2 protein chains.
Amino acid sequence: MKRSIPTKRTTIYDLAELAGTSASAVSAVLSGNWKKRRISVQLAEKITRLAEEQGYALNMQASVLRRERSKIIGMIVPKYDNRYFGSIVEQFEAMARERGLFPIITCTRRDPALEIEAARAMLSYQVDCLIATGATDPDRIADICSAAGVRAVNLDLPGSRVPSVISDNFAGALELTRRVLANCEREFGEKAPLLFVGGRGTDHNTAERVRGFRAAHAETGVAVDETLVLTCGYAPEKAENAMRAMAEKVGTLPRGMFVNSTISLEGVMRWIRRSGHYADRMPHLGCFDWDPFVAMLGDHIEMVRQDVPKMLDAVFEIIDSGASDLKVIQIPPIVEQTG
Amino acid sequence: MKRSIPTKRTTIYDLAELAGTSASAVSAVLSGNWKKRRISVQLAEKITRLAEEQGYALNMQASVLRRERSKIIGMIVPKYDNRYFGSIVEQFEAMARERGLFPIITCTRRDPALEIEAARAMLSYQVDCLIATGATDPDRIADICSAAGVRAVNLDLPGSRVPSVISDNFAGALELTRRVLANCEREFGEKAPLLFVGGRGTDHNTAERVRGFRAAHAETGVAVDETLVLTCGYAPEKAENAMRAMAEKVGTLPRGMFVNSTISLEGVMRWIRRSGHYADRMPHLGCFDWDPFVAMLGDHIEMVRQDVPKMLDAVFEIIDSGASDLKVIQIPPIVEQTG
DNA sequence: CTGAAAGCGCTTACAG
DNA sequence: CTGAAAGCGCTTACAG
């Protein structure tokens, strides 16, 4: 890969020469802090005009190298394949720009090694701050950042080294489970436990959601068997396989389900279609996470929509304020019925 | 926002001092090209070990500033809210990393002003190359890049200044329309024109898809009225409004539809539910773009899945080869039936 | 008030 | 073969 035209780019020295002044003056004018320097308005205008004519663009590598802070903010994110992370990334970018920060984002595909590599790369690019979203090992990332004197914040999954902003997974799961239980009872006239599918048993969010799931059952006096909690991973295939395995073992599956993420739901729906298991009557579904098409999939699908704007507000508040106490901020998600 | 610990980061000079050698030697060892310098293996190992111990990280801002090429590659993308752009971004990142390039991505929300601003920002960060994905004004971006001597490639939407990689929209739309027409004829026993909803009449892809839509109708001898082509924009609300307006004006809508993107489909499905217009029988749907949940929405939804891996292969081939002839490479999409 | 000069942390051509 | 030195394009403390 080579530059097509090896153009020598215009620098502040070129501009200084053209304007008959110094590079310092040009820098001051173009960076906007020239009032302090009492540069004449006409010189300022001349420089601005020349910069435009010459197509001058600040070399950020040089600028950042010289400055105290880079004003670059990094984020790592697991995937771009669902609405939740998509909106996190999109809103993060917008909020960063609003604050005059340059966002750089890397998708790490839930791969621990890639996460570390990406974090190191961002530190090499001198990020002022790094947001670890849904990281498999947030504390490792926090340590790496800390060694470089860079602030870090966890998003979506909490860590123990730096502040975290996450959804209130317990409350969301509790309400979601209540609703699905109620929907089932209304339709089938009996209280029966739901199936929990998807996520990693070891991650904090899944653990909290399972806790909410169990609490809702306990409230209504329904026992939850161990075998009803399939924390098989997020990937569609994993959810699909877990359903198949369970059906083979148990025979009949519950008439209501808590699916832990739209990603897993993809596999669940595929299995339902292919197996024909629910051919007579579709199960009542609750899904942690939101997707507009999932909302159209059935008549009584309940979904938990995580409150991304509030979560990012909290993240930037931590960043802006410089707070670094080890708090975990839990943002209530929104549970909505659709259909 | 401030760094929590104003740590002075380790530089090659620190390492040189610790190792009792020069910064040049450290640089040569750490950048991997030290065989040419005949540095002793043991010195190399010592330096490597020290770097590790000290948590040394290369300052890319300094490195890039000094080097000929930055090895940074930029991409602008309209949105992160659908599978198509999501997979483009995810695969682009992976392919860039494979080639030792550092990807930076900005989402411009189909906003022409933001696109230009983002392109300029990327040039300031010294990208070697910029990929304009689905840009509203690709030629403007190409001009800005060209002025800075930076290569550009268009993706998804073509431009006239630099090479473009796009889907074969005509062929995809032709096949999609044929299938939906056939599905309708099979179920309703009569040939009738479909409705086209979504996209911008002015953009190349939509124009090509409309052309394919018309061609498929022409093949089978069905006339397409002007009023049946609603290129109302991509946003769900726009599609929803266009449907409502048409229903109010015409009364009865066609029993088959070509929906131009999953984004627009969201609005179409919403209108269908709310209006109850198709309460007796769902229309046959074809959707340009693919989404796993859309596939589950009905029994005969046809979808066009754009071939992202092939498209990105073509993009990187252009970049790697340094080709800059103004070709437009059209990648055949995959039309798949689901349900 | 304003410009010359130092220096950010690297890479690499060049002198020894 | 190897290190000292120049220089990438900025920003800013400092001398005039």
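Within every chain, numbering begins at 1; the chains are lettered A, B, ... in the order of the sequence lines, protein sequences first and strands thereafter. Keep in mind that what you see is a predicted model, and the values were worked out from it rather than measured.
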Inset, instruction - Would you mind telling me which of B/E93, B/E90, B/R83 makes a side-chain hydrogen bond (donor to acceptor under 3.5 Å, both in side chains) with A/Y80? - result: B/E93
Inset, instruction - Can you run through DNA chain C from 5' to 3' and write each base as (, ), [, ], | or . depending on how it pairs? Watson-Crick or G-U wobble, both distances under 3.5 Å. - result: |||.||||||||.|||
Legend entry - Residues that A/T133 engages under side-chain hydrogen bond (donor to acceptor under 3.5 Å, both in side chains), provided they are two or more places apart: none
Inset, instruction - Examine the side chains of B/E115 and B/T136 and answer whether a donor and an acceptor come within less than 3.5 Å of each other. - result: yes
Legend entry - Same-atom distance (P) from D/dG16 to C/dG7, integer angstrom: 16 Å
Inset, instruction - Establish, yes or no, whether the cationic atom of B/R200 lies under 6.0 Å from the six-membered ring centre of B/Y234 and within 45° of the ring axis. - result: no
Inset, instruction - Could you list by number each residue of residues 54-66 of chain A showing a heavy-atom separation from DNA chain C of less than 4.0 Å, or answer none if no residue does? - result: A/L65, A/R66
Inset, instruction - Indicate whether the side chain of B/R120 and that of B/S124 have a donor and an acceptor atom separated by less than 3.5 Å. - result: no
Legend entry - With A/Y125 via ring pair (Phe, Tyr, Trp, His ring centres under 6.0 Å) - residues at least two apart: B/F102
Legend entry - Sidechain N-carboxylate O distance under 4.0 Å for A/R151, A/D128: no
Legend entry - Where A/A152 and A/P163 come nearest, the two heavy atoms and their spacing: O-CD, 4.0 Å
Legend entry - side-chain hydrogen bond (donor to acceptor under 3.5 Å, both in side chains) partners for B/N82, two or more places apart: none
Inset, instruction - Quickly work out the A/R67 CZ to D/dC8 P distance and round it to whole Å. - result: 20 Å
Legend entry - Members of residues 11-23 of chain B that approach DNA chain D, where some heavy atom sits under 4.0 Å away: B/T21, B/S22
Legend entry - Distance-only donor-acceptor check, side chains A/D14 and A/Y56, under 3.5 Å: no
